[in-house]
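In the text below, chain A, chain B and the rest are named by the order of the sequence lines, each starting its count at 1.
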Amino acid sequence: MTRSIAVVFPRWQQQYGALGEQHAFTMFEHVVRSITAISPLVEVEEVGTVVMAARGPSRYFGGDVAVARMLHDICSVVDSPYGVGVADSRFAATAAAHLAVSRGTPCVVDASISQQFLFALPVASLAHVGGISVDTVDLLGRLGLGTCQAVHGVGESALIDRFGTEGKHVWQLVSGAEVRYLAPGAPPSDFAQHIEFESPLTSADHVVAATRPTIDALVNAIAGHGQQCVRMLVTCQTDHAEATSRIWGEPRGFGAASLAQRLLYQLDGWLVTNEADPDAPTSGVVRVEFTPLETREVLVVQPLLWGGNEENTERAARAAAMASAVGDHVQVTVPRWEGGRDVATVYSQIPIALVDLSDQYESEQRVNTGKGVARDWSGAVPRPSPASVAVVPPEAQVLNAAGVPVGVTGRHELNTEPAVVTVSGHTYAVMRTAGPWPVEERWWDARRKRRHVRLQLLVQNKRGALRVFLMGLENHEWRLLARYD
Amino acid sequence: MGHLLLPELTGTHSSGVETGAQFAQRVSARAEAGFGPVPVAPALASLLPSSGLERGGVYACTGDAPMSLLFSLVAAATAQGSWLAFVDLPRVGLMAAHEYGVALQRVMCVSTGGQAQSWSHVVGALVDGVDLVVVSSPACSAGEARRIVARAKASGAVLIILGKPGQFSPDVVLSSSTTEWHFNTHAASRTMSVQAHGRRVYNQRALTVQLPAADGAVSL
């Protein structure tokens, strides 16, 4: 049991997340740096939550209440709701801090009542503070266990029986033990790695780029033992022996990309040459150190016994995360229905990280074609839809038998019969046409209006193979929009 | 699949918790889904050696209508809960996929950013967890291809290649050639002959199908 202090900003993600995770973290880094005035080593598990050990600062500043007050004062300049909590475990301290948000004063839970405090917490706090999956907490609720005390009453062995590793985690949280994912017998500091640079690097990007091979080696070394790191101490040192240390947490386990990102956030807030900041380093970084503090076994595929999200979806989400960890140039997206008449934009792509795949209802709504009703719009492309849609439609020539370009009259009729199509160097003979379908978009808006025509062509290539093309004509230019292949 | 614990408290919780019988049924359904071949549209089943897509298998779709053929192959599997990844296929017509019955809520699109060295890492990571992985004209080395196939076999994923298989040697190649397109006011359907050949096909099999059929899928 470690007495801990937690500072939470529950609305930070909403306030600053709109511009991306990096922005939220960089902004948060300024807050974290002012908190390090109390205790040099703090842990950031997610943006908006800072946890530190209470023992050192409490002794130095004269007790838990005094430290909590100081933190409260430090944070009062931040333009976001916040709370400070002190309790006997990380989980309890974070829960106390969340309580303190609405009270407006620090919430210090005395050691003598710490177990009662834990027991009184609603079971939902296991999910949003304790990092237990929503499914599990939901199930506990459905079993009639409303508070942590009720969950505690179930007993350790029953929880582990039912929920495996996660059950153990739940037990540790509700009994106030410090959560340790640590596999017995694998001292994690064995994996510690460092890198030294010959000349000081003054830009955060350069440090991250130069450190990347070390990070890869570290992540691979840990993965080689079937483990993944969930808490990592990152220390950077300058030529003038100034140092920054930070513990980063990632409940899903660090990949090389996410670890590199955390290093970037940490340095971004530190390496700014800000004269007003007396702690700003006076030289470049010469040494970066990684010390894994906690590792845990890579989660094995556990069939879910109680319905809810499917095992397949969890595996797919993990595979997608692994694929995007290969590099920043790899993008994994999922389709979202947008509607409209344009075959290329009827679905948009959104990053898979922004989607909760386990939420079945939300997933179905995401691709639900009922919204926007494109089908009945005049000028919509008829069913069946083309199987290949050009990302950048190539230019094409559509000519009649005499070699004259085919155009469209003012009444949206072809002015001559198409006979030959040429697309990116290939020539096709036209066998049959269907359409044309005129589209007038936003005809009421002089600047944004768009008038174009679409046409289906059955063509034959030189080897006699049949194809159907969807052609578009706009501004006297034909383009191959899509193919029915 | 790990160990399964049968709940000893069957039927005591009324709301939202299934009974032991339902549970056992679901477990056996899952076991079948987990180990048997991935189901395909009935019209195409006779083309494939095991009447479905073998887990760990490599398939290729070529010819006049590879994409439509692909959609009709994978639609049934995605509808029954399998995930599908399109790798470097921004041109895939998702509207058409939807019309063939592909469950788009279980589709992801992956872009490897055009870097050849990361392609095999990305595809390797995907076959570890995604049931059906579709790639387009792969350009990796023979060694990388072997490693990817080994990973797919280990995890039970199906790899489907559109276009030239490159260094992969597909178990089954489905090649399509359109014999006729049917038009009403627009291109409505086509008559297509599909041939199966490859390492796992002892006698070449052929089939004539309507694509799409009246119900939007595929029929004989």
For chain B, which of V391(A), V468(A), T433(A), V334(A) has the most heavy-atom pairs under 4.5 Å?
->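 Among the listed options, the one with the most contacts to chain B is V468(A).
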
Identify which of A321(A), A465(A), P335(A) forms the greatest number of heavy-atom pairs closer than 4.5 Å to chain B.
->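 Heavy-atom pairs under 4.5 Å are most numerous for P335(A).
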
Selection from [options] maximising heavy-atom pairs under 4.5 Å formed with chain A:
options	value
G113(B), G129(B), S68(B)	G129(B)
S155(B), S177(B), A65(B), G124(B)	A65(B)
V107(B), V127(B), L69(B)	V107(B)
R190(B), E180(B), Q105(B)	Q105(B)
S189(B), P90(B), A85(B), G63(B)	P90(B)

Atom pair [atom1] ([X]) and [atom2] ([Y]), whose distance is rounded to the nearest 0.5 Å:
X	Y	atom1	atom2	value
Q460(A)	T178(B)	CD	OG1	11.0 Å
L211(B)	Y484(A)	CG	OH	14.0 Å
D64(B)	D485(A)	CG	CG	9.0 Å
M108(B)	I352(A)	CE	CD1	4.0 Å

Determine, stepwise, if the pair W181(B) / R467(A) fulfils side-chain contact (heavy atoms from CB on, under 4.5 Å).
-> CA-CA 9 Å; W181(B) 262 98; R467(A) 305 258 190 277; over 6 Å; no

Return the minimal non-hydrogen interatomic distance between [X] and [Y], and the atom names on each side.
X	Y	result
L126(B)	A319(A)	O-CB, 4.0 Å
W437(A)	T185(B)	CZ2-O, 3.9 Å
M67(B)	A387(A)	CG-O, 3.4 Å

Region of [X] that comes under 4.5 Å of a non-hydrogen atom in chain B:
X	result
R483(A)	neither
V332(A)	both
Y347(A)	side chain

Going by atom types alone, do H329(A) and S118(B) pair a side-chain donor with an acceptor below 3.5 Å?
->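 A pair is found: one side chain offers a donor N or O, the other an acceptor, under 3.5 Å apart.
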
Quick check on [X] against chain A: is it the side chain, the backbone, both or neither that has a heavy atom closer than 4.5 Å?
X	answer
T179(B)	backbone
A187(B)	both
F183(B)	both

Would the distance check show the side chain of [X] and the main-chain N or O of [Y] forming a donor-acceptor pair, the cut-off being under 3.5 Å?
X	Y	answer
R106(B)	A316(A)	no
E99(B)	P384(A)	no
S385(A)	M95(B)	no
T333(A)	C109(B)	yes

What pairs with Y428(A) under ring-ring contact (aromatic ring centres under 6.0 Å, His included), at least two apart in sequence or on another chain?
->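 Residues passing ring-ring contact (aromatic ring centres under 6.0 Å, His included) with Y428(A): F469(A).
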
Non-neighbouring partners of Y59(B) that pass ring-ring contact (aromatic ring centres under 6.0 Å, His included), sequence neighbours left out |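 Listed in chain order: nothing, the list is empty.
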
Indicate yes or no: does D131(B) engage R315(A) in a salt bridge with an N to O separation below 4.0 Å.
->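 Yes, D131(B) and R315(A) are salt-bridged.
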
Would you call L94(B) and Q349(A) a side-chain contact if the rule is heavy atoms closer than 4.5 Å?
->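 SC-SC contact between L94(B) and Q349(A) confirmed.
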
Around atom NZ of K168(A), are there more than 12 heavy atoms of other residues, nucleotides or ligands at under 6.0 Å?
->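 Not more than 12 within 6.0 Å, no.
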
